[in-house]
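Encoded as structure tokens, the structure appears first; notes follow it.
Within every chain, numbering begins at 1; the chains are lettered A, B, ... in the order of the sequence lines, protein sequences first and strands thereafter.
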Number of protein chains: 2
Amino acid sequence: MNKKVTASDVAEHVGVSRSAVSRAFTEGASISASKRDEILLAAQQLGYQPNFFARTLSTPAQKARSHLVAILISDFSNPFQSYLFETLSTVLQKHGKQPMLLNVKQAEDLDAALMRLSGYQVDGVIAVMGSLPIESVAQCQKLSLPLVTLGRSDPAGQHPSVQTDNRLAGQLAAHYFIEKGFSRVGFVAGRADGQASTERFQGFIDTLYQHGIDDVARLEAGRYGYSAGYQITQKEQSTLRLLQGVFCASDALAFGLMDCCRQDISLTIPNQLSVVGCDNVPQSDWEGYQLTTVAQPVLEIAEQAYRCLEEVWQGKAEVNMLVRIKPTLVQRKS
Amino acid sequence: MNKKVTASDVAEHVGVSRSAVSRAFTEGASISASKRDEILLAAQQLGYQPNFFARTLSTPAQKARSHLVAILISDFSNPFQSYLFETLSTVLQKHGKQPMLLNVKQAEDLDAALMRLSGYQVDGVIAVMGSLPIESVAQCQKLSLPLVTLGRSDPAGQHPSVQTDNRLAGQLAAHYFIEKGFSRVGFVAGRADGQASTERFQGFIDTLYQHGIDDVARLEAGRYGYSAGYQITQKEQSTLRLLQGVFCASDALAFGLMDCCRQDISLTIPNQLSVVGCDNVPQSDWEGYQLTTVAQPVLEIAEQAYRCLEEVWQGKAEVNMLVRIKPTLVQRKS
DNA sequence: TTGAAAGCGATACCAC
DNA sequence: GTGGTATCGCTTTCAA
């Protein structure tokens, strides 16, 4: 294995000082164009890459940036979290940041894990959905780690958070059913203590109520996943058979529901039941589902999350503590 | 925002030297137990965490470890890549490494991206499936980045790679059909130039041939994804209708195929067609699919990949350049 | 066991 | 525009 190439090596090779090499790599530094080119070329040949750690070290603490951003995620099996993770990583890379991953589920001790992140001098932390228990927010502050949470509001309002307007999501689903002239509709709930599920339900029934529909069947799946959707469908066949439309707290629930209907030949539900999901994960667009769903604009969420971090970095006095993202209805065949 | 706490801060707080603080954090260093405890406690209170970058700097170059490992991935929409990525990150964390992510698709310039990784002093790079074009292997060597590739053999044999025995995968599928007494079987191919697809096909037909079956229908999906599976099924309905069993080059292809069959009422295929996938992604176990599939033992792949890196780090003379993983058949309802 | 001092790789400030 | 030098936070000899 070759030894690592340092600035001194390049300097020696070209016959200049280390300072010159450093300047060659600094935008707008005071150096002649010819010398810069010469140095950059030599660097290329030698395979020299400035050591970011050392750079962070020598740069005045306030301005120092590692360009490392950690993404916290708790559940890859949740397709929406997974999708959001992917999008976040893409957005970070686009902005020249290096994504680091922290799988919270896997971490024995979250506070210790956060501490380790701080040891890597990460510039910020983005916590996907429910990946950061409120207890650990304090740890981030203690370590002065800029934090942005996604999908959960911070009760104390200490850090920015980006959230989809879940009530609006429910409203959109309700309007969709109303326009179709449905009066017998239902809701499949996710986690009982889930903020998203609860808010979506509220928006849903509020709007229905305003249109004279006050009898909404509520099925408790208990979780957001595919299996939960499948199982609640089996269990509540008789209820579902009476409905014209059902709004699911997540796409995964909707997939489970649809598949259960398809599987059981006695359940002729699919022909008469209109299913609406929530999230718009890539799978909703698969030929086999073509799920009508309330889309969380994942790209916008990711971009806004990044913007929040940027504002914190810039030390803006007025950091927006709650960014609300408007969902939209994506109508497909279901 | 609080200033970052340094070793000097802790030293001053406790009334000892920086050296003492450093020793307190070094396993088996020469320091009295009482003093160590005192320092560790103070560190805890102040929220002190050694700066890994600085540590790497001061440690003799050969021994220095950032404990950062980069995972290269090219396509999150591929469920197997995604699954493997998740597993890899889990395994890395378990071994005390910090996963960094590099989405290759997103990277304008891969060589530059690799260079940046080297700037972060990553200890190693794990490239998932086809995420690292052969041209870039050289770049890794130039930057002396330990590299392990997954699922693609290195023609030059310059770096270790972990691969599932794809021929065996095809053999397993064939044996499954043979045991069922099928004689009319087919294969759905993925990418035309895909090593995995090709090898699986070879193993499949070889075994069939040995058992007197030499007429195997081959459907060209062209890609590994769900849509490809769906579309080829639509297109080749008549062919499929004649088959008893079909082996798909990936689970995603199998899902697409199954869904297409379910969708089209005229296609009564599902009742008579036995589908076998390959990969065993989590979705194969969903109630709606229950796909019989040849499992790639993802956890083992990840562990072996890590072990390869470790061997390189330890400077072992005899690094195993090709680790072959044995797949197994997971029988479900399909 | 302990503290002082010399680096690690890079940048910033200072004279020139 | 250029090269020396102090410095960042830490580990590691080296004396004591």
Side-chain angles (χ1 to χ4, degrees), chain A residues 3-40 43 46-67 115-116 118-122 143-144, chain B residues 3-40 43 46-67 115-116 118-122 143-144:
Chain A
K3 246 181 53 191
K4 211 110 217 181
V5 184
T6 77
S8 302
D9 297 328
V10 179
E12 192 178 3
H13 186 88
V14 180
V16 294
S17 67
R18 284 195 308 284
S19 316
V21 176
S22 172
R23 277 191 274 264
F25 280 88
T26 308
E27 201 70 24
S30 190
I31 185 175
S32 73
S34 64
K35 184 160 283 186
R36 160 169 282 155
D37 291 344
E38 195 181 357
I39 292 174
L40 254 32
L46 296 173
Y48 166 73
Q49 160 70 234
N51 181 330
F52 291 158
F53 284 11
R55 193 206 294 264
T56 326
L57 214 44
S58 59
T59 303
Q62 194 134 33
K63 281 199 60 184
R65 298 265 187 78
S66 66
H67 299 283
M115 200 139 193
R116 229 174 306 129
S118 136
Y120 284 110
Q121 314 299 104
V122 299
L143 300 170
S144 55
Chain B
K3 247 181 51 191
K4 211 112 218 180
V5 185
T6 77
S8 301
D9 297 328
V10 179
E12 191 178 4
H13 186 87
V14 180
V16 294
S17 67
R18 285 194 309 282
S19 318
V21 177
S22 171
R23 279 190 272 263
F25 280 88
T26 307
E27 201 69 26
S30 188
I31 186 176
S32 72
S34 65
K35 185 159 282 185
R36 161 169 280 156
D37 291 345
E38 196 181 357
I39 292 173
L40 255 32
L46 297 174
Y48 167 72
Q49 159 72 234
N51 181 329
F52 292 158
F53 283 10
R55 190 202 296 258
T56 324
L57 261 185
S58 58
T59 302
Q62 193 135 34
K63 280 199 61 184
R65 298 266 187 78
S66 65
H67 298 281
M115 200 139 194
R116 230 174 305 129
S118 135
Y120 285 110
Q121 313 298 108
V122 300
L143 300 170
S144 56

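Counting heavy atoms from C-beta outward, Thr6(A) and Asn51(A) have side chains that stay 4.5 Å or more apart. Contact check for Glu12(B) versus Ser8(B): no side-chain heavy atoms found under the 4.5 Å cut-off.
With dG9(D), dT13(D), dT1(C) as the candidates, the nucleotide lying closest to the side chain of Leu57(A) is dG9(D). Nearest to the side-chain atoms of Thr6(A) among the listed nucleotides dG3(C), dA10(C), dT11(C) stands dA10(C). When the nucleotides dA10(C), dT13(D), dT2(D) are ranked by their closest atom to the side chain of Arg23(B), dT13(D) comes out on top. Checking dT2(D), dT1(C), dA10(C) against the side-chain heavy atoms of Ser32(B) singles out dT1(C) as nearest.
In this structure, CZ of Arg18(A) is placed 9 Å from C1' of dT5(D), rounded to the nearest angstrom. Whole-Å rounding puts the Arg55(A) CZ to dG9(D) P distance at 17 Å. Going from atom CD1 of Ile31(B) over to atom P of dT11(D) covers 12 Å, rounded to whole Å. Distance Gln121(B) CD to dC10(D) C1': 15 Å, rounded to the nearest Å.
Side-chain atoms of Ser19(A) come within donor-acceptor range of the base of dG4(D), with a qualifying N/O pair under 3.5 Å.
Base contact: Ser30(A) has a heavy atom under 4.0 Å from a base atom.
OP1 or OP2 of dT2(D) lies within a sub-4.0 Å distance of a side-chain N or O belonging to Lys35(A).
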